[in-house]
Structure formats: C-alpha cells, structure tokens
J.: 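Take this structure, written in structure tokens, and hold onto it; I'll ask about it next.
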Amino acid sequence: MEARISTITLGVSDLERSYRFYKEGLGFSTKMTPDGGIVIFSMQGTLLSLYPYDKLAEDVTLSIKDGPSEKGRFPGFTLAHTVRKKDEVDTVLALAGKAGGAIIKPAQDVFWGGYSGYFADPDGYLWEVNYSEAFKFNADGSLSIE
C-alpha cells in the first residue's frame, strides 16, 4: 500500500448546506453540485468528498442508531486509498487484515461503477480501498478530478 490518503469523505447531515459552506464560504473548487448526490472538492494532493451521513454509513455497513460510545457505530467520516488496478483493492485489504485490521466490508463491485471494500485500523478508523477505470492519477500519485 502506498503511503497516501486519496480522499477524506465527510458524512454530512445536509449536503446542500455543506456544499455552500465549502464552495461559497471557504472558496473550495469543484464543478460538482449536490444534485448528483455527492460533491467532491479538489484539494492539494487529496480530495474532500461530502456525502449524506446515512448513505455513507450504509455503504460502510455500520449502524448510525447506536450511542456514540458503542462499538460498531459509524463515526461520520472515512479515509480512502485509491489504487491503480482492480486487483490491488483485494491485495491492500488482505494486507490490512494481516497487519491486525478488521475487514468491515469485503471488496465488491459498487453502485458508482467501481470496486471497493473497507477495513478498520486497530483503533476503528475506517479506510475505503477503491478502484475505478474512471479515476486518473497525477504524477505525484494523487487523484485528478475533472
């Protein structure tokens, strides 16, 4: 696994409000709008995604109904590591499991056209490992979003 965070995804309660905060309030750059169900901002070396909290929890397969100290409760954000080849998703998930992480969601084809799985590090922080033919990389290994 390359030492890189490709995307930080925030589970938000109001996508339109969060979009306005980051785009209009802070001046972050994007060509996307909340109409597509997700908004991705291009940062320096990392992408910042805004996605509805309940849908992100559903994607990770964790509960949003348990109390904040309950194990297995969705924390509201994920980190993502994007790989260049589909089979690398399985390789990275296996590496994380061997290193002591927990596989939360095995790799599978996903609704947005990619291939993705989730693991938790020993403290429970969630990482998505994903791949899509549509993803392009910059020379420094960061994702390029258009």
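This chain uses plain numbering: 1 for the first residue, then up along the sequence.
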J.: Taking CD in Gln108 as the centre, count heavy atoms belonging to other residues, nucleotides or ligands within less than 6.0 Å. Is the count above 12?
T.: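 Yes, enclosed.
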
J.: Roughly how far, to the nearest 0.5 Å, is the OG atom of Ser116 from the OH atom of Tyr131?
T.: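 Between atom OH of Tyr131 and atom OG of Ser116 there are 13.5 Å.
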
J.: If you take all heavy atoms of Ala80 and Asn130, which pair is closest and at what distance?
T.: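 Looks like CB-ND2, 3.9 Å.
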
J.: Do Val12 and Tyr53 have side-chain heavy atoms sitting under 4.5 Å apart?
T.: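 Not touching, per the 4.5 Å side-chain cut-off.
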
J.: Leu50 pairs by side chain to side chain contact (heavy atoms under 4.5 Å, CB included) with which of Thr9, Leu15, Ile38?
T.: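 Passing option: Leu15.
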
J.: Does a side-chain heavy-atom distance below 4.5 Å link Thr78 with Tyr51?
T.: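 Thr78 does not reach Tyr51 side chain to side chain.
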
J.: If you look at every heavy atom in Val110 and Tyr115, which pair is closest and at what distance?
T.: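 Taking every non-hydrogen atom into account, CG2-N, 4.0 Å.
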
J.: Can you name the nearest heavy-atom pair linking Lys105 to Thr61, along with the distance?
T.: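 The pair with the smallest heavy-atom distance is CD-CG2, 4.3 Å.
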
J.: Just verifying a value: how many Å separate Thr7 OG1 and Phe135 CZ, rounded to the nearest 0.5 Å?
T.: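 Interatomic distance, Thr7 OG1 to Phe135 CZ, rounded to 0.5 Å: 7.0 Å.
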
J.: What heavy-atom pair brings Arg17 and Asp14 nearest, and what distance separates the two atoms?
T.: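 Where Arg17 meets Asp14 most closely, the heavy atoms are N-OD1, 3.0 Å.
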
J.: Say you draw a straight line from NZ of Lys31 to OG of Ser42; how long is it, rounded to the nearest 0.5 Å?
T.: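 Those atoms lie 10.0 Å apart.
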
J.: Thr30 side chain to Ile40 main-chain N or O, any donor-acceptor pair under 3.5 Å?
T.: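 Yes: the side chain of Thr30 pairs with the backbone of Ile40.
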
J.: Quick check for you: to the nearest 0.5 Å, what is the distance between Leu47 atom CG and Ser144 atom OG?
T.: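 Between Leu47 CG and Ser144 OG, I get 8.5 Å after rounding to 0.5 Å.
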
J.: Would you check if the side chain of Arg4 reaches a backbone N or O of Thr82 as a donor-acceptor pair within less than 3.5 Å?
T.: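 At least one qualifying donor-acceptor pair exists.
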
J.: What are the two closest heavy atoms between Ser142 and Gly45, and how far apart are they?
T.: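 For Ser142 versus Gly45, the nearest heavy atoms are CB-O, 3.3 Å.
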
J.: Looking at every heavy atom in both Leu93 and Pro106, which two are closest together, and how far apart are they?
T.: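 Closest pair (atom of Leu93, atom of Pro106, distance): CD1-C, 4.5 Å.
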
J.: With a 4.5 Å heavy-atom cut-off, do Lys23 and Phe28 have their side chains touching?
T.: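 Result no, sub-4.5 Å side-chain heavy-atom pair not found.
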
J.: Taking side chain as C-beta onward, heavy atoms only, is Leu143 less than 4.5 Å from Phe137?
T.: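 Yes; the side chains approach each other to less than 4.5 Å.
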
J.: Any side-chain heavy-atom pair from Asp109 and Lys86 closer than 4.5 angstrom?
T.: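 Sidechains of Lys86 and Asp109: in contact.
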
J.: Report the distance from atom CG of Leu56 to atom OG of Ser49, rounding to the nearest 0.5 Å.
T.: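 Going from the CG atom of Leu56 to the OG atom of Ser49 covers 9.5 Å.
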
J.: Contact between His81 and Trp127 at the side-chain level, heavy atoms closer than 4.5 Å - yes or no?
T.: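 They are in contact (side-chain heavy atoms under 4.5 Å apart), so the answer is yes.
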
J.: Under the 3.5 angstrom rule, does the side chain of Asn138 hit a backbone N or O of Asp140 as a donor-acceptor pair?
T.: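 Answer holds: no.
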
